[in-house]
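Step one of this worksheet: look at the structure below.
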Amino acid sequence: MDAIILCAGKGERLRPLTENRPKPMIPIAGKPILENIIEKVEDLVDNIYLVVKYKKEVIIEYFKNHPKVKFLEQGEIDGTGYAVLTAKDYVEEDFLVLNGDIIFEDDLEKFLKYKNAMALKEVKNPENFGVVVLDDENNVIELQEKPKNPKSNLINAGIYKFENEVFEILKDIKPSERGEVELTDAIKELTREKKIKGIKLNGYWNDIGRPWDILDANKYLLEKIKTNIKGKIEENVVIKGEVVIEEGAIIKANSVIEGPAIVKKGAIVGPLAYIRPNTVLMENTFVGNSSEIKGSIIMKNTKIPHLSYVGDSIIGENCNFGCNTITANLRFDDKPVKVNIKGKRIESVRKLGVIMGDNVKTGIQVSFMPGVKVGSNSWIGASCLIDRDIEKNTFVYK
Ligand code: TTP
């Protein structure tokens, strides 16, 4: 048994976080989304084929020493079906296929006994997804793409078990209207002869597409951590709840950490810093005097040295915050924060801060309104209030 993990997508809805890395490499709960997926399959399969393309070097560098991982590059044509076809001459007779951007709880053993199967998740809003209709024997009999009137509340969860036969179907599939060879078109062929089972997934499942999905999955994964303190803890530090502090991290005097939280290797917290639940400080970050971080992912090498508040935010690598940089994460009217996703203004969640790319610098007293995005390499000058998205490589000043 082998596994194919689809990692070649462009992750456009997650700009600016995907400007310098593919979506599967966004860190959630301290490690890339893809590492969470690999951990789910590595004991079940002999080989794990990662189908890569966009920013492939980031994936290859991180996983190059994994004994089961091999890399295949998707060709010119886009689409999940074409991504699977990339592995045609490599995988064994039976194989699992997983999207490279899902965080899920359930185990996958139950798929292995079927020739062809797909994972389904029960949701309240099936109209936003690919809906799957089953017969009494759990055979998939119909797929509906974002239907106005869904025939079931089960959706395609992006995990499949196939036999080699699917390649024969895929190689004859023509690109869809959006120019992609779609895996679902091959599945439709299988449904004609009732050849594919639908298997319901239990527990948490999230298809990471939008920034707030990352924070939701981060919260879910952090609920599972157990306290493990290997770093240096100075005097008068208060640690509550489940907290991981890796070796080489330092928590300086009079800081407070409320778990669940992870402080990675080389990170420095304090003196007098306040780390609140659902926060991850990646490697070599610095959160200094009187800075407060809540419900956020701060990627490696980012510095937040003094008098800042960062709430419900995702901050890229190598950013530097000037003194008193502040994020707002809640509207006065308590309504969901609106975010621009691929040109559309979308309601997100009640609390959402800033979504920031890599290498951003802010001057002193910079503030961000809820849900704004800041592209990589931008500089925000002193005293600016940012209430709109900032493209990458932009210098904003008063
Ligand atoms: P999507 O989430 O549909 O696409 P994406 O990752 O490019 O994100 P966005 O829509 O924000 O641009 O893709 C589902 C999965 O399939 C995901 O794990 C990426 C993978 N994929 C490929 O490997 N190759 C492809 O050509 C496409 C379209 C997706």
Side-chain angles (χ1 to χ4, degrees), residues 3-26 28 32-38 40-41 48-60 63 69-88 90-91 95-104 118-119 121 128-131 143 145-146 155-160 162 166-167 170-171 173-187 205-214 217 314 339-344 346 348 355 357 373 375:
I4 306 172
I5 307 182
L6 312 182
C7 309
K10 298 187 193 78
E12 285 178 33
R13 290 167 296 159
L14 280 173
R15 298 282 189 271
L17 303 172
T18 49
E19 280 170 350
N20 297 322
R21 65 185 68 72
K23 179 165 46 166
M25 292 306 289
I26 292 174
I28 300 193
I33 297 171
L34 182 54
E35 194 170 348
N36 286 289
I37 300 172
I38 287 177
K40 287 280 196 185
V41 298
I48 301 169
Y49 291 95
L50 304 183
V51 179
V52 297
K53 188 172 172 181
Y54 176 75
K55 306 280 177 199
K56 61 176 192 272
E57 58 289 349
V58 185
I59 297 182
I60 294 171
F63 291 103
V69 165
K70 298 176 171 65
F71 306 97
L72 298 172
E73 181 158 0
Q74 185 169 345
E76 278 302 295
I77 302 172
D78 283 341
T80 46
Y82 202 75
V84 172
L85 205 49
T86 309
K88 176 175 178 296
Y90 300 89
V91 288
F95 54 94
L96 291 166
V97 173
L98 297 101
N99 284 356
D101 56 359
I102 42 177
I103 296 289
F104 60 97
M118 64 189 293
K121 186 70 195 152
N128 297 335
F129 298 91
V131 168
L143 299 183
E145 192 45 43
K146 295 188 182 164
I155 61 158
N156 177 355
I159 302 171
Y160 316 85
F162 292 119
V166 78
F167 292 126
L170 274 171
K171 70 182 173 40
I173 297 223
K174 300 274 169 300
S176 59
E177 269 175 22
R178 56 177 182 176
E180 297 188 5
V181 172
E182 317 272 359
L183 184 56
T184 45
D185 284 343
I187 294 171
W205 173 88
N206 199 338
D207 171 22
I208 309 295
R210 304 144 322 162
W212 53 99
D213 296 327
I214 296 173
I314 306 168
V339 180
N340 296 319
I341 303 282
K342 281 179 91 174
K344 282 201 188 124
I346 291 189
S348 67
I355 313 302
K373 298 184 190 176

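When a ligand or atom number is given, it counts from 1 through the structure's own listing order. The shown structure was predicted, so the numbers you read here are calculated from the model rather than taken from an experiment. Side-chain atoms are counted along with the backbone in the values below, which use heavy atoms only and exclude waters and symmetry mates.
Other residues, nucleotides and ligands place no more than 12 heavy atoms under 6.0 Å from the NZ atom of K146.
To the nearest 0.5 Å, atoms CD (E19) and NZ (K373) are separated by 9.5 Å. In this structure, CZ on R13 lies 11.0 Å from NZ on K344, to the nearest 0.5 angstrom.
The distance from ligand 1 to the heavy atoms of Q74 drops below 4.0 Å at these ligand atoms: 22 (C), 23 (O), 24 (N), 25 (C), 26 (O). Near R13, meaning under 4.0 Å from one of its heavy atoms, ligand 1 places the atoms 2 (O), 8 (O), 9 (P), 10 (O), 11 (O). Counting the atoms of ligand 1 from 1 in the order shown, those under 4.0 Å from a heavy atom of K10 are 7 (O).
Scanning all protein heavy atoms for the shortest distance to atom 16 (O) of ligand 1 gives T80 CG2, 3.4 Å. When only non-hydrogen protein atoms are considered, atom 17 (C) of ligand 1 lies nearest to D101 OD2, 3.4 Å. Looking only at protein heavy atoms, the nearest one to atom 12 (O) of ligand 1 is E12 N, 2.8 Å. Taking atom 6 (O) of ligand 1 as the reference point, the nearest protein heavy-atom neighbour is K23 CE, 3.3 Å. Closest protein heavy atom to atom 21 (N) of ligand 1: G9 N, 3.7 Å.
For K10 and D78, the salt-bridge test passes: some basic side-chain N is under 4.0 Å from an acidic carboxylate O. We find that E12 and K342 are joined by a salt bridge, their nearest charged nitrogen and carboxylate oxygen being less than 4.0 Å apart.
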Derivation and outcome, side chain to side chain contact (heavy atoms under 4.5 Å, CB included), residues Y82 and T80: CA-CA 5 Å; Y82 202 75; T80 46; over 6 Å; no
Derivation and outcome, side chain to side chain contact (heavy atoms under 4.5 Å, CB included), residues I208 and I103: CA-CA 7 Å; I208 309 295; I103 296 289; 4.2 Å; yes
Derivation of the side chain to side chain contact (heavy atoms under 4.5 Å, CB included) call for I4 and V97: CA-CA 5 Å; I4 306 172; V97 173; 4.2 Å; yes
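With a 4.0 Å cut-off on non-hydrogen atoms, P24 does not touch ligand 1 at all. Under 4.0 angstrom from ligand 1, there are no non-hydrogen atoms of K53.
Within 4.0 Å of atom 3 (O) of ligand 1, not a single protein heavy atom is present.
Checked by atom type, the side-chain pair Q74/T86 shows no donor-acceptor distance below 3.5 Å.
Backbone and side-chain nitrogen or oxygen atoms of E180 are examined, and none is located within less than 3.5 angstrom of a nitrogen or oxygen of ligand 1. Backbone and side-chain nitrogen or oxygen atoms of G100 are examined, and one is located within less than 3.5 angstrom of a nitrogen or oxygen of ligand 1. Checked by distance only, ligand 1 and G11 come closer than 3.5 Å through their nitrogen or oxygen atoms. In terms of polar-atom proximity, defined here as any N/O pair under 3.5 Å, L6 does make such a contact with ligand 1. Considering backbone and side-chain atoms together, A8 places an N or O closer than 3.5 Å to an N or O of ligand 1.
Of all non-hydrogen atoms in I5 and G100, the two that sit nearest each other are CG2-CA, 3.7 Å.
Under the 4.0 angstrom criterion for non-hydrogen atoms, G79 is in contact with ligand 1.
Using the six-membered ring where Trp is involved, F95 and F167 have ring planes that are parallel, under 30° apart on the 30 and 60° scheme.
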